Amino acid sequence: MSTLTRFFARPAPVVARELIGAAFTVDGVGGEIVETEAYEPHDPASHSFRGMTARNASMFGPPAHAYVYRIYGLHWCFNMVAERGSAVLIRALEPLTGLDAMISRRGAADPKTLCAGPGRLCQALAIEGRHDGLPLAEPPFALSLPKQSRSVDVATRIGVREATPAHLRYCMAGSAYLSRKARSSQS
DNA sequence: CTTTGGATTGTCT
DNA sequence: GACAATCCAAAGA
């Protein structure tokens with residue numbers, strides 16, 4: 001079993017927390033992950049909550065693979081599959097390589113908003129439906145895990161209304177590249 | 001600065 | 001037919 005597979009074959013909140021600071025690129029374009037959210041089968045807000053369907057099949061596939069879906073009819077969202085039925089939504093990253101390609105695709109040049117948000121991130125990295133189900137360990141993807149633990153803020157998820165607000169959103173502390181400021185944050 | 005509403009389509013009920 | 005893990009522009013304070 002590869003290192004990457006072992007890393008992802010764990011509960012989504014753990015994986016989401018430890019992904020902060022990882023370097024991720026698609027065809028050489030990407031940067032450092034600064035914001036993630038965790039989704040698990042027992043969570044009503046998760047796509048996997050009501051079992052497997054044609055759309056969310058990738059969430060029930062092997063770990064360390066991509067789960068890509070379209071949201072609100074016009075944006076793409078990119079997830080990394082953790083243990084069975086669980087996934088980590090990549091919400092934002094700090095652009096480091098391929099800035100020219102990102103700016104060209106996004107039609108905007110401000111690095112602080114280039115990849116700040118799931119839809120923007122996918123647009124900047126050219127992630128589309130065809131990437132759904134692909135292994136993260138192989139091209140066009142490249143993922144290297146953080147070498148050391150980072151200072152991470154924990155907050156409630158965005159766009160999810162839940163009866164018992166769980167703190168399943170993870171942000172790099174002090175990063176200027178988040179989709180929104182980490183408000184009700186603890187450690 | 002914050003808040004609000006429209007865009008737009010695949011998926012499930 | 002309703003709605004969704006969002007983004008952006010426009011309007012208000």
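What you see below is based on every heavy atom in this structure, not just the backbone, and it leaves out hydrogens, waters and symmetry mates. Protein chains get the first letters and strands the later ones, always in sequence-line order, with residue 1 at the start of each. The structure presented is a predicted model; accordingly, all values stated were derived computationally and were not measured.
At the phosphate of C/dC8, OP1 or OP2 sits under 4.0 Å from a side-chain N or O atom of A/Arg106. An OP1 or OP2 oxygen of B/dT8 is reached within less than 4.0 angstrom by no side-chain nitrogen or oxygen of A/Arg70. In this model, the phosphate group of B/dT11 is not approached by any side-chain N or O of A/Thr53 to a distance below 4.0 Å at OP1 or OP2. Proximity of A/Arg120 to the phosphate of C/dC8: a side-chain N or O atom is located under 4.0 Å from OP1 or OP2.
How far CD1 of A/Ile33 is from OG1 of A/Thr36: 8.0 Å, rounded to the nearest 0.5 Å.
Cation-pi geometry between A/Arg10 and A/Phe7 is met: under 6.0 angstrom from the ring centre, within 45 degrees of the axis.
Distance, A/Phe78 CZ to C/dC7 P: 16 Å, rounded to whole Å. Spacing between atom CZ of A/Arg50 and atom P of B/dT13 amounts to 7 Å, rounded to whole angstrom units. Rounded to whole angstrom, the span from the CD1 atom of A/Ile71 across to the C1' atom of C/dA5 amounts to 5 Å. Put simply, NE2 on A/His75 is 14 Å from C1' on B/dG10, counting in whole angstrom units. In this structure, A/Arg55 atom CZ and B/dT13 atom P are separated by 10 Å, rounded to whole Å. Look at NE2 on A/His47: it is 12 Å from P on B/dT13, rounded to the nearest Å. In this structure, A/Glu35 places its CD atom 10 Å from P of C/dC7, rounding to the nearest Å. Between the C1' atom of B/dG10 and the CG atom of A/Asn56 lies a distance of 13 Å, rounded to the nearest Å.
For an aromatic pair to be called close, the ring centres must be under 6.0 Å apart, and A/His47 with A/Tyr69 satisfies this. The ring of A/His131 has its center no closer than 6.0 angstrom to the ring center of A/Phe78.
Considering only side-chain atoms of A/Tyr67, the nucleotide from B/dA7, C/dA5, C/dC7 that sits closest is C/dA5.
Between A/Tyr39 and C/dA5, a base-stacking contact is recorded: ring centres under 5.5 Å apart, planes less than 30° from parallel.
Look at A/Glu32 and A/Arg150 and you find a salt bridge, because one of the NZ, NE, NH1 or NH2 atoms lies within 4.0 Å of a carboxylate O, short of that distance.
Base pairing of C/dC3 is made with B/dG10, judged by Watson-Crick or G-U wobble geometry with both donor-acceptor distances under 3.5 Å.
In this model, a side-chain donor or acceptor of A/Tyr69 finds a partner on the base of C/dA5 within 3.5 Å.
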